[in-house]
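Report on the following structure.
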Amino acid sequence: MESTTLYALFFFFHLYLSGSSAMQHGKKTQHQPCKHLKFFFHDIIYNGKNAENATSAIVAAPEGSNRTILAPQNHFGNVVVFDDPITLDNNLHSIPVGRAQGMYLYDKKDTFYSWLGFTFLLNNTDHQGTINFIGADPILVKTRDISVVGGTGDFAMARGIATVMTDAFEGEVYFRLHVDIKLYECW
Amino acid sequence: MESTTLYALFFFFHLYLSGSSAMQHGKKTQHQPCKHLKFFFHDIIYNGKNAENATSAIVAAPEGSNRTILAPQNHFGNVVVFDDPITLDNNLHSIPVGRAQGMYLYDKKDTFYSWLGFTFLLNNTDHQGTINFIGADPILVKTRDISVVGGTGDFAMARGIATVMTDAFEGEVYFRLHVDIKLYECW
Amino acid sequence: MESTTLYALFFFFHLYLSGSSAMQHGKKTQHQPCKHLKFFFHDIIYNGKNAENATSAIVAAPEGSNRTILAPQNHFGNVVVFDDPITLDNNLHSIPVGRAQGMYLYDKKDTFYSWLGFTFLLNNTDHQGTINFIGADPILVKTRDISVVGGTGDFAMARGIATVMTDAFEGEVYFRLHVDIKLYECW
């Protein structure tokens with residue numbers, strides 16, 4: 001075989017490899033999610049009167065405020081522990097497909113900002129496993145992105161980005177979040 | 001070189017590449033851990049009388065409960081800060097190989113569930129570095145999986161899954177967890 | 001084409017592939033950061049008198065201590081919520097390029113150790129996005145490594161290691177951290 005042919009072959013294979021390389025690395029570098037999930041979850045905060053229905057409670061507060069009323073300055077300093085039902089639609093009374101559990105805290109004095117650390121525990125016919133999230137939530141912004149930092153079960157080793165939207169809120173007792181989860185690393 | 005030969009070559013190289021591709025992606029797609037570690041850690045919660053021995057303390061609680069007795073409703077709403085010794089065997093008095101530090105919180109009213117955010121700080125002849133964990137812990141389930149979301153030192157950039165088991169508990173003061181850590185991403 | 005030529009070709013391509021494989025996996029296995037960022041952030045804790053300037057507040061504390069004075073035993077058990085300005089230099093009064101928001105807690109009785117869970121929200125001409133951190137911070141050690149566990153916007157899917165240094169502290173009210181962020185996974 002002549003060297004020019006060999007060179008041509010190499011050039012050609014190089015192209016071939018470059019093309020296949022993108023495919024091989026697709027999971028890492030392409031921006032198409034390997035899993036895409038959408039859920040709602042519902043938070044009813046304990047206000048001293050709704051023990052039956054409450055799904056969350058204020059457990060820490062800055063000096064001068066208590067644990068049945070969110071702190072006056074945009075709730076700055078409140079830490080809330082929650083165990084919220086996850087549903088497929090926006091109806092609080094739909095059969096839950098899992099629970100959202102963990103904590104959120106309010107961390108800004110001059111507007112509503114929170115910080116989230118929580119887990120989705122999904123346990124239904126479609127999904128068995130957990131998804132772990134952390135991130136900042138500038139509540140008044142329409143869509144906010146947080147990180148999926150890990151998962152277990154069906155979501156083992158997952159990473160991705162979740163877009164959080166406030167779907168509804170009623171005074172300071174109830175809010176409903178829509179979460180659009182795009183996983184870019186899956187097993 | 002004839003085009004059929006070229007075609008045959010391509011077909012052959014394609015197989016070759018497909019095979020090597022699996023090998024190249026082994027670290028990512030194979031489910032064999034690159035590191036496998038097992039530890040115990042020991043938590044002694046402060047109850048107002050054991051200041052000397054306590055390794056953790058209740059720092060937040062829902063309205064109506066205090067910080068020396070875990071909250072009545074499955075401890076819902078308690079946040080605990082801890083600095084627990086890590087040992088290689090199940091003996092509280094073995095020489096620690098590191099510390100487990102961070103927080104856990106109880107987040108369910110009708111059974112024992114917790115949420116964990118903590119770090120293993122290992123500092124011994126075998127390991128120098130930290131491992132960062134978050135995840136949900138349904139305490140009464142025999143084995144619970146949480147996420148390893150990062151690490152430093154010997155565990156730089158680590159990701160994986162840790163299986164947590166309650167190895168012992170004594171009333172509401174002492175518990176010991178067995179942690180089986182499988183890292184699937186290592187440097 | 002003879003089989004020896006074919007063999008030679010394969011051997012040659014194997015080398016070629018091995019070489020390119022390293023390149024293809026560079027992002028994953030090389031230890032050069034894909035992004036390198038340095039910032040300062042400034043924390044002024046609320047002490048009952050500095051409501052105007054304070055950027056953080058004690059929101060949880062162990063039994064026996066309050067929320068305007070850090071707890072006596074190396075602040076063990078204090079949880080602090082913060083919204084701190086991020087600057088490019090070490091001057092508190094420089095124009096912030098973003099905010100550091102989240103929580104830290106003190107988790108060791110016999111020396112100063114903290115545990116961090118927070119987000120950098122960057123919003124300036126250079127960077128638009130968030131970076132999420134967790135990790136242990138043995139405060140008295142000169143440099144401490146924590147994990148970058150995710151990001152959004154310009155930092156979508158980021159992972160890396162951040163080295164934290166105490167750049168200054170004034171009594172128990174003000175401290176300034178220098179954060180050297182090396183991202184090893186970028187989009």
Side-chain angles (χ1 to χ4, degrees), chain A residues 1 5-6 9-10 13-14 17-18 20-22 24-25 28-31 58-65 71 73-79 103 105-111 113-117 132-138 144-150 159-163 182-185, chain C residues 1-2 5-6 8-9 12-13 16-17 20-21 23-25 27-28 46-48 51 54-61 66-69 79-84 99-103 117-121 123 129-134 147-153 155-159 185 187:
Chain A
M1 202 157 57
T5 313
L6 193 62
L9 242 179
F10 259 84
F13 269 95
H14 185 82
L17 284 168
S18 302
S20 70
S21 156
Q24 288 167 30
H25 280 285
K28 193 81 201 156
T29 57
Q30 78 182 358
H31 296 195
I58 304 169
V59 300
E63 189 68 21
S65 61
Q73 234 181 336
N74 292 296
H75 315 334
F76 177 75
N78 278 139
V79 179
M103 51 166 272
L105 52 87
Y106 290 95
D107 56 14
K108 206 164 175 64
K109 286 192 285 186
D110 53 8
T111 181
Y113 263 62
S114 72
W115 193 83
L116 312 169
N132 293 314
F133 305 82
I134 78 169
D137 179 5
R144 300 90 75 178
D145 284 348
I146 61 173
S147 294
V148 173
V149 297
R159 292 222 312 136
I161 291 172
T163 302
K182 295 196 174 97
L183 302 182
Y184 296 99
E185 296 190 23
Chain C
M1 201 158 59
E2 293 169 25
T5 312
L6 192 62
L9 242 178
F12 200 33
F13 269 94
Y16 179 77
L17 283 168
S20 70
S21 157
M23 187 189 68
Q24 288 169 27
H25 279 285
K27 218 190 308 177
K28 191 83 201 156
Y46 178 64
N47 65 359
T55 65
S56 68
I58 304 170
V59 301
N66 68 34
R67 287 165 289 177
T68 50
I69 302 170
V79 179
V80 176
V81 165
F82 64 95
D83 168 34
D84 292 348
R99 308 295 293 188
Q101 298 184 341
M103 52 166 269
F118 66 98
T119 301
F120 269 20
L121 297 98
N123 187 7
T130 71
I131 308 174
N132 292 316
F133 303 83
I134 77 167
S147 294
V148 172
V149 297
T152 67
F155 308 102
M157 295 297 286
R159 290 221 315 137
E185 296 189 23
W187 264 10

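The chains referred to below are lettered A, B, ... by the order of the sequence lines, with proteins before strands, and numbering in each begins at 1. No experiment lies behind these values; they were computed from the predicted model shown.
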Is a side-chain N or O of [X] found less than 3.5 angstrom from the main chain of [Y], in a donor-acceptor match?
| X | Y | answer |
| --- | --- | --- |
| C:R99 | C:N123 | no |
| C:T130 | C:L121 | no |
| A:K109 | C:D83 | no |

I'd like to verify something: which residue of [options] has the highest number of heavy-atom pairs under 4.5 Å with chain A?
| options | answer |
| --- | --- |
| C:G153, C:G117, C:S56, C:A60 | C:G117 |
| C:Y46, C:F133, C:F82 | C:F82 |
| C:A61, C:G150, C:A156, C:G48 | C:G150 |

Could you tell me which portion of [X] (side chain, backbone, both or neither) has an atom closer than 4.5 angstrom to a non-hydrogen atom of chain C?
| X | result |
| --- | --- |
| A:S114 | neither |
| A:Y106 | backbone |
| A:L116 | neither |
| A:L105 | side chain |

From C:R67 CZ over to A:S65 OG, what is the distance, rounded to the nearest 0.5 angstrom? 6.5 Å

If I measure from the heavy atoms of chain A, does [X] come under 4.5 Å with its side chain, its backbone, both, or neither?
| X | answer |
| --- | --- |
| C:I134 | side chain |
| C:F120 | neither |
| C:A51 | backbone |
| C:I58 | backbone |

Shortest non-hydrogen contact between [X] and [Y], atoms and distance:
| X | Y | result |
| --- | --- | --- |
| A:Y184 | A:H31 | CE2-O, 3.3 Å |
| A:N78 | A:A71 | OD1-N, 2.6 Å |
| C:Q101 | A:D107 | CB-OD2, 3.3 Å |

Do the side chains of C:V81 and A:V79 get nearer than 4.5 Å, heavy atoms only? yes

